[in-house]
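The block underneath contains the structure these notes are about, expressed in structure tokens.
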Amino acid sequence: MTATTVSQHVRYQTKVAHRRATSEPAWVRWTFIAIALAFLTLFLFVPLAAVFTEALRKGWHTYLSALVDPDALSAIWLTLIAAAIALPLNLIFGVAAAWAIAKFEFRGKSVLITLIDLPFAVSPVVAGLIYVLIFGLQGWFGAWLIDNDLKVIFAIPSIVLATVFVTFPFIARELIPLMQAQGKDEEEAALVLGASGWQILWRVTLPNIKWGLLYGMILTNARAMGEFGAVSVVSGHIRGLTNTMPLHVEILYNEYQYAAAFAVASLLALLALVTLALKTFVEWQSAKHAADAERESNE
Amino acid sequence: MYTKFSFKKWVVAVVLSTPLLTLAADISLLNVSYDPTRELYVEYNAAFAKHWKAKTGDTVTVKQSHGGSGKQARGVIDGLSADVVTLALSYDIDEIGAKAKLIPKDWQKRLPHNSSPYTSTIVLLVRKGNPKGIKDWNDLTKPGISVITPNPKTSGGARWNYLAAYAYALKHNNNDDAKARDFVKKIYKNVPVLDSGARGSTTTFVERGIGDVLISWENEAFLAQKELGPDKFEIVVPTLSILAEPPVTVIDKVVDKRKTRAVAQAYLEYLYSEEGQEIAAKNYYRPTLESVAKRYEKQFPSISLIKIDDVFGGWQKAQKTHFADGATFDQIYQK
């Protein structure tokens, strides 16, 4: 049985060895490249170019004044705050969850993995409504919060909560496969050599996952700044107080201030481009890092 | 020696005057309003701040929040701490009293004209040259006409739209309810998309170019014409429409807690003043103050307007018969 499988495998290998992976006729290759490029142009480059042309339609003066408008500044500020709080929280949670899942066996592990994926499965609007139902005046803690002068819903805390909710799978999801592939040999070796738990975490685990972690953080940040649905439900849309950048864009657009709307949108697009550049850099670094590690282990 | 003494005196004077300076307070109010009032309240808030500064010396900043009227009321019920609400219709404010007990039952009697400082009505907005020849409500029932109107479940304007069409149908069918329902059903068959607020529907119609006719607040139709050019859209005045009274009130529980009742009350009362009415009229809301109404007479077309109390027995009844879960609107909108 085993022998036949092996011989079949060998035969298969010799058969495909005659053809190289890139030996398709030129027209096939070029057609596919053209389709991919046309798709990219249509769905990515044209809208991106449109955002910037619309933003600058009325000149630099309108563009800049749209960005320094007090409501716009407050929206930018709130977006940065929400991302700045959501990111570290997700960092701690993501590393802890991925570490537990990848390095240990325990009951309910698959339930935990499913729970981490929940924000991907749940619509962002529902995510927002969850917090309205919990912290709203008619919700579980609403009356108590009002009595104690604590504001959660329609204020910054709920915006942060909603942002954390929609972004929390990113880091864990990025790290789990990476850590599983790395296995726990190095940690076990460190343990045998007498390292403490913290030493293992700081000197073995974290250095191994640093590029994956960075990549996850970039994704988290991008989503945190761009989130619309969940934040829209819990924001209350108070101008200059609880509007994030995506909400501010919608308001401007609905008030016939198209140039200003696109100016703020272009700022979001710029953030996305910076994120993209960072992401490419991180990918390049991590690939280089992996190649170096491989070379070292081969020597 | 002399200089030293005067320095001391100067310090004393500053210390003594500090409480006087801090007496001029910074106050903030939150006005939770419906969709099309954005431009109106930007202008009015600035005017009120100036008036209040002159009167009391206090600086007041009014924050705004806008959305579909029903949705905004829901926000206040869920804890959006509005000092005042200025919504599209009284039923939504009634709900704030009924569901969250934030205001007394008789809130609408506290200010003149049913607490509605300005009124409006519902008109039809069509594309330049009126290519589909739309003249009145019955043209909206014709097959092949695409009608834009928001969702009556979330939008106040949408409910006025619906009731205006319904009232027209009642009048032309000897008050036959079944025929009126059929009439409105035909209109909603022609609606490709229901946005959640009036402004959403306006942008669908004017910006995205969807639809042949927009059923719209009069003020919203004028504003779209002004913002995007009278060469692009025309207002069609139907033979019959409804008198829309968008009411205002302070939210008692909130202003008592935040200690803003005096300024919140003054904010709403100033809407009835000469200046407040002038700003409303400039933003295409029909003023209630006689003197201002006279000045802007030419701006507003004269339409035969029915009142909701006369035809539908008030908002509580209209809401129950037409817009509650499983009521007329739900029945006719099922396709």
Side-chain angles (χ1 to χ4, degrees), chain A residues 54 69-71 74-75 78 125 128-159 229 231-243 247-262, chain B residues 28-42 45 61-68 71-72 74-83 95-96 98-102 195-204 206-208 220 223-229 251 253-254 256-258:
Chain A
E54 284 293 324
D69 174 79
D71 286 355
S74 133
L78 181 60
V125 175
L129 278 178
I130 295 169
Y131 292 109
V132 175
L133 291 178
I134 297 176
F135 298 111
L137 187 54
Q138 314 303 316
W140 295 352
F141 305 117
W144 184 86
L145 287 168
I146 291 273
D147 288 343
N148 289 281
D149 274 329
L150 294 170
K151 270 196 170 176
V152 176
I153 208 76
F154 306 123
I156 294 174
S158 66
I159 290 171
V231 170
S232 172
V233 174
V234 298
S235 130
H237 303 272
I238 309 169
R239 283 119 196 266
L241 213 62
T242 63
N243 274 324
L247 301 183
H248 190 61
V249 171
E250 190 207 20
I251 286 181
L252 290 173
Y253 183 80
N254 278 343
E255 286 173 9
Y256 305 105
Q257 302 183 41
Y258 303 122
F262 281 104
Chain B
S28 81
L29 289 182
L30 173 59
N31 175 3
V32 171
S33 193
Y34 62 110
D35 228 9
T37 53
R38 304 152 185 255
E39 292 77 11
L40 164 68
Y41 281 109
V42 167
N45 290 346
T61 336
V62 186
K63 299 269 184 208
Q64 293 170 251
S65 167
H66 297 273
K71 188 180 128 210
Q72 292 292 80
R74 186 71 239 181
V76 175
I77 290 168
D78 281 329
L80 182 57
S81 53
D83 296 279
E95 280 293 281
I96 296 173
K99 290 235 162 71
K101 313 258 179 302
L102 298 176
D195 288 286
S196 74
R199 187 53 65 81
S201 280
T202 312
T203 37
T204 295
V206 302
E207 250 311 285
R208 292 164 59 202
E220 190 72 354
L223 181 72
Q225 246 190 349
K226 178 184 146 204
E227 290 288 339
L228 299 148
I251 301 295
K253 280 262 175 71
V254 175
D256 288 343
K257 192 163 182 78
R258 298 190 63 228

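Remember, it's a predicted structure, so these values are computed and weren't measured experimentally. Just the heavy atoms: all of them, side chains too, but no hydrogens, waters or symmetry mates, feed the values below. Below, chain A is the first sequence line, B the second, and so on; all start at residue 1.
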* May I ask you to test the A:Ile251-B:His66 pair for a side-chain heavy-atom distance under 4.5 Å? => no
* Asked: With a 4.5 Å limit on heavy-atom distance, are the side chains of A:Glu255 and B:Arg199 in contact?
  -> yes
* **Atom pair OG1/CG of A:Thr242 and B:Leu80 - distance to nearest 0.5 Å** => 7.5 Å
* Taking all non-hydrogen atoms of both residues into account, name the closest pair between B:Lys257 and A:Asp149 and its distance. => CE-OD1, 3.2 Å
* side-chain contact (heavy atoms from CB on, under 4.5 Å) between A:Ile146 and B:Lys253, intermediate numbers included -> CA-CA 11 Å; A:Ile146 291 273; B:Lys253 280 262 175 71; over 6 Å; no
* Asked: Under a 4.5 Å heavy-atom cut-off, does chain A meet the side chain of B:Arg74, its backbone, both or neither?
  -> side chain
* Grab the two heavy atoms, one from B:Ser65 and one from A:Gly236, that are nearest each other, plus how far apart they are. => OG-O, 2.6 Å
* Asked: Side chain, backbone, both or neither: which part of B:Ile77 has an atom under 4.5 Å from a heavy atom of chain A?
  -> both
* Proximity breakdown for B:Ala82 and chain A, heavy-atom pairs closer than 4.5 Å -> neither
* Structure fact -> Of A:His237, A:Arg239, A:Lys151, A:Glu250, the largest count of non-hydrogen pairs under 4.5 angstrom with chain B goes to A:Arg239
* **OG1 on B:Thr203 to OH on A:Tyr258, rounded to 0.5 Å** => 7.0 Å
* Structure fact -> Distance col, row B:Glu39:CD vs A:Tyr256:OH, nearest 0.5 angstrom, shows 7.0 Å
* Tell me, do A:Ile153 and B:Asp78 make a side-chain contact under 4.5 Å, heavy atoms counted? -> no
* Asked: For A:Gln138 and B:Ala100, which heavy atoms make the closest approach, and how far apart are they?
  -> NE2-CB, 3.4 Å
* Examine whether an atom of B:Glu227 lies under 4.5 Å from a heavy atom of chain A, and if so say whether it belongs to the side chain, the backbone or both; otherwise answer neither. => side chain
* List the atom of A:Phe154, the atom of B:Gly75, and the distance in Å for their closest heavy-atom pair. => CE1-O, 3.3 Å
* **Contact class of B:Ser81 relative to chain A, heavy atoms under 4.5 angstrom** => side chain
* To do: Name the region of B:Val206, side chain, backbone, both or neither, that has any atom closer than 4.5 Å to a heavy atom of chain A.
  => side chain
* Quick one: does B:Leu102's side chain get under 4.5 Å of A:Leu137's, heavy atoms only? -> yes
* To do: Would you indicate whether the side-chain heavy atoms of B:Arg38 and A:Asn254 approach each other to under 4.5 Å?
  => yes
